[in-house]
Amino acid sequence: MMDRDFDFSGVDVDELLKKNEAQMARIAELGPAMEEIVGTGQDEDGLVTVEFVAAGLKDVILHPKAMRLSSGELAARIKQAFTEAAADLERQTSEVMEDMFGEDNPMRWARDPDGAMEMIHRAESAYNRTFEDVMGELVRIRNRMEG
């Protein structure tokens with residue numbers, strides 16, 4: 001079980017709603033910024049270049065000399081460039097998100113799935129405790145009214 005001393009009395013609902021509205025406004029701004037990001041990857045000789053965008057593969061550019069490679073070597077270089085382009089896109093996306101959201105960056109959970117699961121488990125435990133407390137209080141009220 002997680003921390004059983006979580007106290008909801010300190011939660012400022014108005015502040016929480018304001019933060020949510022601000023985050024939604026930033027998310028609306030995010031679309032155009034994301035459309036401009038192009039992740040690029042290239043093999044070690046510059047024979048294969050891959051461009052990757054949020055929607056997926058944008059372009060594969062093969063230098064004429066790449067056609068002299070064996071099919072297996074060319075495939076390996078395309079995979080390498082693709083992997084680098086996807087990593088570059090993720091890095092740039094994280095930078096844009098960090099600039100827009102600061103410490104409230106939702107991308108941090110993509111980099112820390114264990115932390116995200118821990119937060120989910122804590123929220124679930126807090127919900128369960130609150131539900132149990134409310135149900136217990138309702139039973140006590142019912143018992144007082146009946147007896």
Side-chain angles (χ1 to χ4, degrees), residues 1-140:
M1 266 287 157
M2 298 292 151
D3 179 17
R4 300 221 13 109
D5 297 326
F6 189 82
D7 181 11
F8 284 100
S9 64
V11 174
D12 183 345
V13 175
D14 289 331
E15 182 64 27
L16 192 62
L17 289 173
K18 285 179 191 175
K19 273 185 152 182
N20 187 42
E21 286 177 21
Q23 193 166 39
M24 294 307 283
R26 285 179 281 187
I27 287 172
E29 296 171 19
L30 189 60
M34 293 297 292
E35 289 176 9
E36 296 176 17
I37 299 174
V38 178
T40 303
Q42 196 171 61
D43 72 316
E44 64 272 4
D45 298 323
L47 300 179
V48 176
T49 302
V50 172
E51 294 178 344
F52 203 74
V53 294
L57 181 64
K58 179 180 179 193
D59 204 357
V60 176
I61 303 158
L62 301 176
H63 189 280
K65 290 182 182 178
M67 302 316 293
R68 296 184 192 146
L69 300 170
S70 70
S71 62
E73 179 65 21
L74 181 57
R77 289 177 184 234
I78 290 172
K79 288 178 192 175
Q80 173 193 357
F82 184 88
T83 300
E84 289 181 14
D88 185 44
L89 178 68
E90 195 220 329
R91 180 190 55 75
Q92 290 182 62
T93 300
S94 290
E95 288 174 2
V96 168
M97 299 281 284
E98 190 68 34
D99 289 346
M100 284 194 154
F101 294 99
E103 68 181 41
D104 293 330
N105 182 359
M107 286 292 289
R108 73 181 181 274
W109 303 124
R111 292 187 303 270
D112 182 16
D114 291 336
M117 287 307 295
E118 173 68 20
M119 183 171 222
I120 289 168
H121 290 306
R122 288 177 56 196
E124 179 184 33
S125 294
Y127 169 82
N128 289 338
R129 285 190 309 275
T130 302
F131 181 78
E132 290 169 9
D133 291 347
V134 168
M135 292 308 292
E137 188 61 30
L138 288 174
V139 167
R140 283 189 289 280

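Since this is a predicted model, take the numbers as computed values, not measurements.
- The shortest non-hydrogen separation linking Ala81 to Val50 is CB-CG2, 3.6 Å.
- One distance of note links CD1 of Ile61 with CD of Gln42; it measures 8.5 Å at 0.5 Å rounding.
- Under a 3.5 Å cut-off, the side chain of Glu84 and the backbone N or O of Asp43 do not form any donor-acceptor pair.
- Taking every heavy atom of both residues into account, Phe52 and Ala86 meet most closely at CD2-CA, 4.1 Å.
- Taken to the nearest 0.5 Å, the CG atom of Asp88 stands 12.5 Å off from the OG1 atom of Thr83.
- Here Glu132 contributes atom CD and Glu137 contributes atom CD; the two are 14.0 Å apart, rounded to the nearest 0.5 Å.
- The line from CZ of Arg140 to CE of Met135 is 11.5 Å long, rounded to the nearest 0.5 Å.
- Taking every heavy atom of both residues into account, Leu57 and Glu51 meet most closely at CD1-O, 3.6 Å.
- Of all heavy-atom pairs between Arg77 and Leu69, the closest is CD-CD1, 3.6 Å.
- Under 4.0 Å is where a charged nitrogen must lie from a carboxylate oxygen, and between Lys65 and Asp45 no such pair does.
- Gly41 and Ala85 make their closest contact through N-CB, 3.5 Å (heavy atoms, listed as atom of the first residue, atom of the second, distance).
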